[in-house]
There are 2 protein chains.
Amino acid sequence: MSHEVEQRSLSQYLEEHNLKHTKQREAILAAFLEATGHITSEEIHSCVRADHPNIGYTTVYRTMKLLCDAGLASERRFDDGVTRYEIEQEHHDHLVCLRCGKIIEFECAMIEKTQMEIADRYQFRVLRHRHELYGHCDACAEEVAK
Amino acid sequence: MSHEVEQRSLSQYLEEHNLKHTKQREAILAAFLEATGHITSEEIHSCVRADHPNIGYTTVYRTMKLLCDAGLASERRFDDGVTRYEIEQEHHDHLVCLRCGKIIEFECAMIEKTQMEIADRYQFRVLRHRHELYGHCDACAEEVAK
DNA sequence: TTCGTATTGAAATTAACATTCAATTTCAAT
DNA sequence: ATTGAAATTGAATGTTAATTTCAATACGAA
């Protein structure tokens, strides 16, 4: 396991909030970090179960919320209606393939800037945003063309 | 009632698809068109009920789907998780106030263009997108500041 | 008017998330 | 090491909004 930084980060958060350090939380953090990309709590649950067969879904669910609060994870919900978690990082937006489910991240300063201009125009104070492009990835576009 | 164009449009769609022209469908279309903005099927249901007390929620729900298929309405789901319907029109995006629920529409050719460039970069074929800015509207920002 | 099909609407089901609560675990103070 | 208050766990249950079922009813072509 090479997630020392994150483990430490979690421990610190737990201490600061008078929460307890449990093996379940460690196991779930590890499983989450090992998985790459945008993973659902169901998926994390089954990964965790490989090593820890009696960790319940509820605990995974609650721990993922905890990791979000601790700043280690962040929650995303695309149009399929299922919540996914990704490792917390710089802000970015997503391309979502409607055929294979592939998720590509992108960022664009230009768009961010334009957003602020629009918000100003309406005297609107933006707290967060969601910008998702849905369609077909390269591979799927080819398949569909056939 | 001044929704002749839309009534006609619906009738045409129904005929073309061997569907039936019912008073419920007419009533629901009328209620939907009279309401302004982004309305939920619950809300449409209670509007319709004012005049037609025994139209059920299910019918409203199904009819809104139908109106979407017919190109008269379109469906939106913001982060509150409730589906809303708006009158079908030119593409646009939204500012959503997290405090009072106000929804402001905007469009921006600049952003649309930049989107296409990003998609190209990833060889991605965009079919639709979602771009929502969440925050506080003018009035709510003031309230919050107090 | 009749008849086959579509529609209706109450009720049941689904899907995903969220909460409850009794049993268990943690950890600071003995 | 033991204790005990407080936090955590996890199975079961609740919630919310969307969706489907199905028996009864309405539409509209013949």
Side-chain angles (χ1 to χ4, degrees), chain A residues 7 10-31 38-49 51-70 73-85 101, chain B residues 7 10-32 38-70 73-85 101:
Chain A
Q7 299 271 15
L10 173 59
S11 296
Q12 188 184 337
Y13 180 86
L14 294 175
E15 276 175 37
E16 280 171 1
H17 294 259
N18 286 327
L19 301 174
K20 290 175 179 174
H21 195 147
T22 66
K23 34 184 148 292
Q24 286 93 334
R25 285 173 177 169
E26 266 200 38
I28 292 163
L29 172 58
H38 299 74
I39 194 174
T40 64
S41 26
E42 280 295 358
E43 287 163 347
I44 297 171
H45 183 217
S46 63
C47 290
V48 167
R49 284 235 164 186
D51 282 332
H52 304 79
N54 34 15
I55 289 184
Y57 170 77
T58 316
T59 301
V60 173
Y61 163 74
R62 282 185 290 216
T63 301
M64 290 316 298
K65 280 237 159 352
L66 181 72
L67 295 183
C68 289
D69 291 343
S74 63
E75 219 181 75
R76 299 275 175 183
R77 180 192 292 224
F78 301 110
D79 281 0
D80 65 354
V82 187
T83 301
R84 286 156 205 281
Y85 297 90
Chain B
Q7 301 270 15
L10 173 60
S11 297
Q12 189 184 337
Y13 181 85
L14 293 175
E15 274 174 39
E16 280 172 1
H17 294 259
N18 288 326
L19 301 174
K20 291 175 181 173
H21 195 148
T22 66
K23 35 182 147 291
Q24 287 93 333
R25 285 172 176 170
E26 268 201 35
I28 292 164
L29 172 59
F32 166 62
H38 300 75
I39 195 175
T40 65
S41 27
E42 280 295 359
E43 286 163 350
I44 297 171
H45 183 218
S46 64
C47 291
V48 167
R49 284 235 163 185
D51 281 331
H52 303 79
N54 34 16
I55 290 184
Y57 168 77
T58 316
T59 302
V60 173
Y61 162 76
R62 281 185 289 217
T63 302
M64 291 316 298
K65 279 239 157 356
L66 180 74
L67 295 183
C68 289
D69 291 343
S74 62
E75 221 181 73
R76 300 274 176 182
R77 179 191 293 227
F78 301 110
D79 281 359
D80 65 355
V82 187
T83 300
R84 286 156 204 282
Y85 297 91

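Chain letters run A, B, ... following the sequence lines, proteins first and then strands; every chain starts at 1.
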Please determine if a side-chain N or O atom of A:Y61 lies less than 4.0 Å away from the OP1 or OP2 oxygen of C:dA18. yes

D:dA11: pairing nucleotide in any strand, Watson-Crick or G-U under 3.5 angstrom: C:dT20

Shortest non-hydrogen pair, B:H38 vs B:E43, comes out as O-OE1, 4.2 Å

How many Å lie between CG on B:L14 and C1' on D:dA29, as a whole number? 16 Å

Take atom NZ of A:K65 and atom C1' of C:dC17, then tell me their distance rounded to the nearest Å. 8 Å

Pairing partner of C:dA29, by Watson-Crick or G-U wobble and under 3.5 Å for both distances, is D:dT2

Do A:Y85 and A:R76 have side chains that get closer than 4.5 Å, going by heavy atoms? no

Rounded distance in Å - CG (A:D79) to P (D:dA17): 18 Å

Would you say A:Q24 places a side-chain N or O within less than 4.0 Å of OP1 or OP2 belonging to D:dG10? yes

Report which part of the nucleic acid A:T83 touches: base, sugar-phosphate, or nothing (heavy-atom distance under 4.0 Å, all strands). sugar-phosphate

Please report the distance, rounded to the nearest Å, between CZ in B:R62 and C1' in D:dC22. 11 Å

When we call it a touch if two heavy atoms are under 4.0 Å apart, what does B:R25 touch: a base, just sugar-phosphate, or nothing? sugar-phosphate

Under 4.0 Å from OP1 or OP2 of D:dT19: is there any side-chain N or O of B:T58 that close? no

Of the options D:dC22, D:dC27, C:dC27, whose atoms approach the side-chain atoms of B:K20 most closely? D:dC27

What is the separation between atom OH on B:Y57 and atom P on C:dA11, rounded to the nearest whole Å? 16 Å

Atom pair CD (B:E42) and NE2 (B:H45), whose distance is rounded to the nearest 0.5 Å: 7.5 Å

Between CG of A:L19 and P of C:dC27 the distance, given in whole Å, is 11 Å

Checking C:dT8, C:dC17, C:dC27 against the side chain of A:H21 (C-beta onward), the nearest is C:dC27

Round to the nearest Å and state the distance from A:E15 atom CD to D:dT8 atom P. 13 Å

Sorted by position of nearest nucleotide on DNA chain D, 5' first, the leading residue of B:V82 and A:K23 is A:K23

Whom does D:dG28 pair with, Watson-Crick or G-U wobble, provided both distances fall under 3.5 Å? C:dC3

Over all heavy atoms of both residues, which pair between A:A27 and A:I55 is shortest? Give the atoms and the distance, please. CB-CD1, 4.0 Å

Could you state the NE2-P distance from A:H17 to D:dT8, rounded to the nearest angstrom? 12 Å

May I ask you to test the A:L19-A:L66 pair for a side-chain heavy-atom distance under 4.5 Å? yes

In terms of the nearest nucleotide of DNA chain C, which residue is placed more toward the 5' end: A:G81 or B:T63? B:T63

Could you tell me whether a side-chain N or O of B:R25 sits under 3.5 Å from a main-chain N or O of B:L67, the two making a donor and an acceptor? no

Under 4.0 Å: is that the gap between some side-chain N or O of A:T22 and OP1 or OP2 of D:dA7? no

